[in-house]
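A note on names: the letters A, B, ... follow the listed sequences, proteins ahead of strands, and every chain is numbered from 1. Only a predicted model underlies this, so the values are computations on that prediction, with no experimental measurement involved.
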Protein chains: 2
Amino acid sequence: MLSSGQKIELLKVIAHPVRIKILEELAKGVKCVSDFEEFLELRQPNISQHLALLRDHGIVDYYIDGRLRCYFLVDPFVPDLLDLLKKDYHQLLPRPACCPVTKKGVYPGDRKK
Amino acid sequence: MLSSGQKIELLKVIAHPVRIKILEELAKGVKCVSDFEEFLELRQPNISQHLALLRDHGIVDYYIDGRLRCYFLVDPFVPDLLDLLKKDYHQLLPRPACCPVTKKGVYPGDRKK
DNA sequence: CAAATATATTCAGAAATTGATATATATCAA
DNA sequence: TTGATATATATCAATTTCTGAATATATTTG
């Protein structure tokens with residue numbers, strides 16, 4: 001089980017446009033490095049760098065098939081997060097009833113706005 | 001509705017240990033800046049900097065009560081994300097059946113592992 | 001073994017992030 | 001008005017992250 005700090009670290013690693021695209025592809029199925037080269041407009045070394053980061057954090061793994069490295073998702077948090085990112089929110093949270101007492105207590109003078 | 005890029009940007013802003021703590025507190029209710037000074041071991045300007053970032057991204061807002069600024073959550077994505085972070089995962093995702101064909105096709109030689 | 005393919009690693013410079021310090025602003029109390 | 005309180009902003013140095021280029025490694029084919 002991951003600590004809170006580790007989960008935030010995961011979130012930080014995932015929160016990158018290229019890496020999200022990689023993870024979205026992997027959520028659909030196994031892909032090798034050169035597969036990514038086609039739809040990400042990036043050079044191979046850069047893609048390998050992103051994959052290495054994801055590997056180092058236990059987010060993805062791979063098996064070797066000849067000279068291909070076939071990557072796949074291992075962290076179950078990822079599909080849930082991707083679903084959450086796809087979700088549409090049509091309303092903001094309700095504003096708090098005006099004006100709750102903070103820990104400091106109600107300000108002693110008159111209220112202004 | 002937010003674009004995919006905007007959501008990833010949000011994720012990036014949220015993925016920071018101090019800001020997560022701030023958001024967890026705000027998920028419980030309204031808090032003013034000096035309330036945060038007590039349980040985050042940070043100086044006031046630093047807290048204000050984090051709050052400004054959250055504000056600039058439409059994640060939080062505040063109302064003014066005397067000289068206090070009372071912050072609250074406005075982005076409905078945040079509580080969902082915090083719930084997801086609390087969730088425990090006890091198993092990794094199942095490994096893919098060995099060995100799926102990638103876009104490149106099955107490697108023409110013998111398979112190794 | 002040599003060449004080709006697929007991928008990883010290393011390194012350097014640019015850009016972004018972080019937290020600190022100093023200072024500014026706004027509100028209220030006396 | 002003066003001082004105190006609450007918060008924001010500006011600036012800066014240290015650190016981290018990012019991307020690309022060059023190079024290395026591993027595997028397979030011929």
Any residue meeting side-chain contact (heavy atoms from CB on, under 4.5 Å) with B:Leu11, in chain and number order, not counting sequence neighbours: A:Leu11, A:Ala15, A:Ile20, A:Leu81, A:Leu85, B:Phe77, B:Leu81
Residues that A:Lys86 engages under side-chain hydrogen bond (donor to acceptor under 3.5 Å, both in side chains), provided they are two or more places apart: none
Sugar-phosphate only, base, or nothing, as touched by B:Tyr71 at under 4.0 Å among non-hydrogen atoms: sugar-phosphate
For B:Asp56, all residues meeting salt bridge (charged side-chain N to carboxylate O under 4.0 Å, His left out), sequence neighbours excluded: none
All side-chain contact (heavy atoms from CB on, under 4.5 Å) counterparts of B:Asp80, not counting sequence neighbours: A:Leu84, A:Lys87, A:Tyr89
Could you pull out the protein-nucleic contacts involving nucleotides 9-13 of chain C (nitrogen or oxygen on both sides, under 3.5 Å)?
unit_1, atom_1, unit_2, atom_2, d
C:dT10, O4, A:Gln49, NE2, 2.7

Spacing of A:Leu40 atom CG relative to D:dG20 atom P, expressed in whole Å: 12 Å
For DNA chain C, the residues among residues 5-25 of chain B that have a non-hydrogen atom under 4.0 Å from it: B:Lys12, B:His16, B:Arg19
Between protein and nucleic acid, restricted to nucleotides 12-15 of chain D and to nitrogen or oxygen atoms under 3.5 Å apart, what atom pairs and distances do you find?
none

Which residues share a side-chain hydrogen bond (donor to acceptor under 3.5 Å, both in side chains) with B:Gln6, sequence neighbours left out: B:Ser3
Donor-acceptor contacts, no H, no angles, side chain residues 41-55 of chain A, under 3.5 Å, sequence neighbours left out:
unit_1, atom_1, unit_2, atom_2, d
A:Gln44, NE2, A:Ser48, OG, 3.1
A:Asn46, OD1, A:His50, NE2, 3.3
A:His50, ND1, A:Arg19, NH1, 3.1
A:Arg55, NE, A:Tyr71, OH, 3.2

Contacts of type side-chain contact (heavy atoms from CB on, under 4.5 Å), residue A:Val74, not counting sequence neighbours: A:Asp61, A:Phe72
A:Lys7: partners by salt bridge (charged side-chain N to carboxylate O under 4.0 Å, His left out), with sequence neighbours left out: B:Asp88
